[in-house]
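Following: one structure in structure tokens, then a few remarks.
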Amino acid sequence: MISLTLYYVLMAICGLGSVVAVFLAIVERDMLKAVLFSAIQSTLYAFLYYLLMAPDIVLTYIPVSVGLYPAVILFLIKKTERFEDVEMKKGVLWATGLLSLVFVIATAAVIAGKGIGPVPPPDVRFLAGWYLATTFNPRVHLISAMAPEGVTSIVWDYRGLDTVFETAVLFLAIIASVALMRGVEHKGVYDELKHGMTLIGKTITKIVVPLIIGVGISIALHGHLTPGGGFQGGSALAVAPLLVLVVFSKYFFDKVKFTKTKALAIRSSGLLGVGLTAFAVLIAAIFLHKPAYILQNQPRVGAPLGFPWKGIDGVLLGGSLLSFNACEAMAVCAGFVILFLLLSIPERYVRSVVVGGEEHEH
Amino acid sequence: MASRVLRAIPLAILVFIVYIIYTGSATIYDIVTGIIAAALSSLLMANITIEKPGKALNPVRWGWGIAYAIYYFFVAEVKAHLDVTKRILSPSMPIRPGIVRVPYRVESDYAITAVANSITNTPGTVVVDIDPQKRLFYVHWIDVASLEPEECRKQISEDFERFASRVFDG
Amino acid sequence: MDPVTNWVLVILGEILVSIGVFFDVVAAIGMLRFPNFFVRLHAATIGAIGGAFVPLMGVALIAAGCDFLGKYRWFIAGAAAVTGVLVLMLAPVGSHLLAKAAHESRAAVVEPKVVDFLEEDKAKEGGEQ
Amino acid sequence: MSTEVLSFLFSIVFMSMIVNTALALYGVLARPSLVKKIIALTILGDSANTFAIMVGFRQPSGTNPIPPVLLWKPTPSNIRYFISHAVDPLPQALVLTAIVIGLAVTLFLVFLTIQIYRQYGTTDVRKVAKLRG
């Protein structure tokens with residue numbers, strides 16, 4: 001029981017720590033410091049997710065919220081303003097901060113004392129039990145996803161259509177950002193001495209980037225077996241080009257001839273892969289004159305076709321989940337690369353293209 | 001293209017090892033996907049990461065690398081750790097910090113990085129900046145014993161350079 | 001493996017972890033006592049090598065000596081070793097780039113100091129241009 | 001006794017998320033800087049996601065819960081153990097897509113903010129409102 005209490009103590013520390021970090025992030029006038037506090041909050045949340053038994057979330061949340069997102073906000077601060085123009089009294093600030101902490105502890109005590117608090121229940125809802133029972137169960141083959149990873153099964157099999165539409169939202173957000181920067185093309189000559197960080201940083205980045213790519217691919221391709229999947233692998237993969245961008249500078253991408261158009265092509269082929277996998281069984285069924293569903297993974301009642309879930313030597317393949325994960329990782333990674341490439345174009349240059357005509361009016 | 005494949009080989013081995021260890025199992029599926037992942041990432045990065053593939057597969061260089069590691073971990077690190085620990089724990093805190101010039105004579109990027117990382121990793125010395133044209137490290141030293149660049153080199157980095165040039169240079 | 005080797009591995013690993021604990025405490029004291037950012041980096045180095053690399057190697061040895069872990073034994077050992085090597089590679093780059101950025105932006109002053117040749121050389125170059 | 005301690009500690013996390021949501025809402029609504037609004041918005045999203053995951057958490061009596069990954073052979077007894085100990089996978093699956101889409105939307109907001117700065121030369125919404133006049 002002591003170990004269980006310790007476990008919850010760690011959770012509570014993460015919660016209280018995140019309150020402090022969020023408070024500091026919100027009231028801070030210097031945006032650089034605010035981003036730092038926000039990253040501390042993200043780290044504490046990631047630890048909290050780990051303690052709440054959500055390893056899948058940890059694997060996406062760490063690259064997204066601790067890596068990509070502060071980097072993007074730092075780009076934003078560099079291109080706009082660093083300080084917020086607001087006056088607040090020191091006394092009021094400290095009182096608010098302390099009051100929020102006291103509020104948390106007091107209300108928690110009240111809730112626990114009454115015995116009606118959000119005690120983690122010993123059981124989950126009936127629906128969750130159903131999902132868990134059918135995630136990987138050869139005995140109920142006709143309703144199972146046949147992959148041991150519960151979260152990925154739900155993402156791509158039980159609620160597959162949902163995920164496809166959410167991928168469309170992601171795609172539209174990125175297309176909209178690209179549209180805002182339309183017509184901006186910037187190329188430069190990479191100079192090893194002038195651009196990027198020092199030689200030491202560059203050499204180590206050269207070694208670390210292939211390792212990050214390897215780990216990202218591992219997360220994506222084992223999504224149906226262990227915590228991981230397309231989103232997680234893609235956001236882990238996106239850290240590698242970001243690292244190259246920060247350490248080597250934007251002009252290095254021009255040197256190796258990796259352009260926005262190429263990234264867009266990779267992204268589109270990833271999305272095409274997602275689409276093809278969604279329709280694959282249906283297309284096969286049309287030729288074989290058999291009934292089938294869109295997004296079908298395993299054989300269902302009245303639809304006898306399906307992806308193989310077991311390879312040679314009893315290797316689990318997870319049916320369509322494997323293909324979905326690989327394509328989604330490609331699409332997510334390339335999508336973020338496009339945005340980083342756009343964000344890294346020098347502001348002075350963009351200004352001359354985007355608002356060049358309109359500025360004369362003022 | 002052939003040279004690219006040749007360059008990718010040492011990198012692919014490294015990525016494959018990390019892939020298998022990260023995955024935590026070694027079934028056929030892991031090995032097959034591991035080979036794919038290693039080939040993809042190493043072919044993508046080969047021309048950037050590796051210049052001469054022969055160097056990475058040369059056993060003599062590996063031997064010198066192991067000697068470097070043994071010297072580094074059991075002599076240099078131990079000495080530096082004990083020295084700085086003494087400085088931290090002694091009540092008077094005897095420090096004379098300053099940034100000194102330390103010239104280097106090694107050639108390749110990897111050798112320079114290895115020497116610089118060895119200097120930074122030993123407590124008491126941190127490489128603040130590097131000037132590739134003048135071939136100088138600017139090192140923040142916790143106990144400046146000399147202002148002469150050559151004397152500093154002798155005290156800080158000479159041993160590292162001797163090993164690093166045999167492992168990475170030539 | 002035979003129990004004697006296992007015991008030797010586990011005890012060696014535990015010694016390394018204890019060394020790591022000692023150096024972590026020393027590094028924390030150093031962070032508090034040292035006067036400025038650049039000197040504190042040296043204490044941080046103790047925390048990264050003596051306080052992270054050495055205990056990670058200890059964890060690798062302990063995992064290698066634990067029979068009950070079954071097939072995960074070598075993976076835990078390997079993961080700890082790879083993490084240790086990554087710390088060894090990345091920690092100095094971090095300190096170096098932090099130091100460079102702090103020196104360039106003058107976010108931290110090099111005070112107290114005996115000498116600052118970097119500042120002098122920069123001033124000289126600025127004068128020449 | 002012990003369950004009440006656990007309940008108290010879990011309630012702290014729960015209330016922390018409520019306070020974080022309130023602070024983030026204050027940041028989104030009352031702070032003038034658009035950059036600060038974006039930072040607050042992501043904190044708001046993360047706190048909401050944490051709520052969702054906490055809804056799916058469980059505490060099987062006496063032992064620790066396990067993540068929703070079946071790590072053993074799918075025999076009936078293993079599956080029964082899995083059902084009685086694993087946490088709810090559904091909120092995790094929803095949060096997973098929410099995180100990635102949240103980042104994409106944030107990126108779009110970042111681009112919009114940069115565009116506003118290009119047009120008006122400020123990220124302060126009060127000044128932007130005046131400039132539009």
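Proteins come first, then strands; the chains are lettered A, B, ... in the order of their sequence lines, and each starts at number 1.
- At a threshold of 4.5 Å between non-hydrogen side-chain atoms, the residues A:Val209 and B:Ile48 do not count as touching.
- Only the side chain of A:Val256 comes within contact range of chain B, judged by heavy atoms closer than 4.5 Å.
- Heavy-atom distances place the side chain of A:Leu225, and not its backbone, under 4.5 Å from chain B.
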With side chain to side chain contact (heavy atoms under 4.5 Å, CB included) as the test, would you mind laying out the steps for A:Ile204 and B:Asn117 before giving the verdict?
CA-CA 10 Å; A:Ile204 294 296; B:Asn117 273 5; 3.5 Å; yes

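- Residues A:Lys206 and B:Met45 approach most closely at O-CE, 4.4 Å, considering heavy atoms.
- Taking all atoms of both residues into account, the shortest heavy-atom contact from A:Gly214 to B:Val15 is CA-CG1, 4.0 Å.
- Ring geometry for B:Tyr29 versus A:His222: interplanar angle over 60°, hence perpendicular rather than tilted (30 to 60°).
- Heavy-atom distances place no part of A:Leu237 under 4.5 Å from chain B, backbone and side chain included.
- In this structure, A:Phe258 places its CZ atom where more than 12 heavy-atom neighbours from other residues, nucleotides or ligands lie under 6.0 Å away.
- Using a 4.5 Å cut-off on side-chain heavy atoms (C-beta onward), B:Leu14 and A:Ile207 make contact.
- No other option in B:Thr33, B:Thr27, B:Asp109 has as many heavy-atom pairs under 4.5 Å with chain A as B:Asp109.
- In this structure, no portion of A:Thr226 lies under 4.5 Å from any heavy atom of chain B.
- Residue-environment remark: CD (B:Glu150) exceeds the threshold of 12 foreign heavy atoms within 6.0 Å.
- Only the side chain of B:Leu44 comes within less than 4.5 Å of a heavy atom in chain A; its backbone stays farther off.
- B:Thr113 approaches A:Thr203 most closely through the heavy-atom pair OG1-OG1, 2.9 Å.
- Counting heavy-atom pairs closer than 4.5 Å to chain A, the top-ranked of the candidates B:Ala37, B:Gly24, B:Ser42 is B:Ala37.
- A:Leu221 contributes atom CG, which lies 5.0 Å from atom OH of B:Tyr19 (distance to the nearest 0.5 angstrom).
- Within the 4.5 angstrom heavy-atom criterion, no atom of B:Asn47 approaches chain A.
- Within 6.0 Å of NZ in A:Lys194 there are 12 or fewer heavy atoms belonging to other residues, nucleotides or ligands.
- With rounding to the nearest 0.5 Å, the separation of CZ in B:Phe137 from OG1 in A:Thr198 is 10.0 Å.
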